[in-house]
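Contents: one structure, followed by commentary.
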Amino acid sequence: MPKSTVLLLPLNDTPNVAGVIPGKLFEYLAAKRPILCIGDSTGDSAKIITECNAGYVCDFTDARAMKNALIDMYQKFRNNTLQVNSKNIEQYTRKGGAKKFAEIMHGLVSL
């Protein structure tokens, strides 16, 4: 994955897709490569990708957004500038999750 040019994250078009965060998303964030997510553009996966500045999110039926994302990525690839400047991904690692869980537990114990 770290050597991939772009990582594709297709989500299933189901009624509960807004709350779906596949485990593959966390692997993709760790790879620090541009992600192209096709799914609910307002769902949880989209929010994480946007928050982390990790790539592009296109809604299932938005062909124009998909075309624009592909053109943008291709142009950046041709100019050797296709990369992501991911931020805030630490909170989505196992270590970050454990830290957040420990803080919650510590808060409960000190009540």
Roughly how far, to the nearest 0.5 Å, is CG of Leu9 from NZ of Lys24?
9.5 Å

What I'd like to find out is whether the side chain of Val20 reaches to under 4.5 Å of the side chain of Asn12, using heavy atoms alone.
no

Which residue pairs pass the side chain to side chain donor-acceptor pair (under 3.5 Å) test when at least one of the two sits in residues 58-71, sequence neighbours left out?
Ser41-Asp59

Measuring from Ile38:CD1 to Leu8:CG, what's the distance to the nearest 0.5 Å?
5.5 Å

Side-chain contact test, heavy atoms from C-beta onward, threshold under 4.5 Å: evaluate it for Leu11 versus Pro22 and give yes or no.
yes

Could you state the interatomic distance from CG (Asn85) to NZ (Lys32), rounded to the nearest 0.5 Å?
10.5 Å

Check whether any side-chain heavy atom of Ile35 sits under 4.5 Å from a side-chain heavy atom of Val84, and report yes or no.
no

Any link between Phe101 and Leu108 through a network of hydrophobic side chains (Ile, Leu, Val, Met, Phe, Trp, Tyr) touching at under 4.5 Å?
yes

Hey, are the side chains of Thr50 and Lys47 touching, using non-hydrogen atoms and a 4.5 Å cut-off?
no

Rounded to the nearest 0.5 angstrom, the OH-CG distance for Tyr28 and Leu7 is 5.5 Å

Where is the tightest heavy-atom contact between Ser4 and Arg33, given as atom of each residue plus distance?
O-NE, 2.6 Å

Is Phe77 close to Val6 at the side-chain level, that is, under 4.5 Å between some pair of heavy atoms?
no

The reported gap from CD1 in Ile89 to CD in Glu51 (rounded to nearest 0.5 angstrom) is 11.5 Å

Any side-chain heavy-atom pair from His106 and Val109 closer than 4.5 angstrom?
no

Does atom CG (Asn80) have a neighbourhood of more than 12 heavy atoms from anything else shown, all under 6.0 Å?
no

Could you report the tightest heavy-atom contact between Ala46 and Asp40, atom names first, then the distance?
CB-O, 3.4 Å

Please report the shortest heavy-atom distance between Asp44 and Gly19, naming the atom on each side.
OD2-CA, 3.4 Å

Restricting to non-hydrogen atoms, name the atom on Tyr92 and the atom on Phe26 that form the minimum distance, rounded to 0.1 Å.
O-CD2, 3.5 Å

Looking at side-chain heavy atoms only, is the closest gap between Ile21 and Ser45 below 4.5 Å?
yes

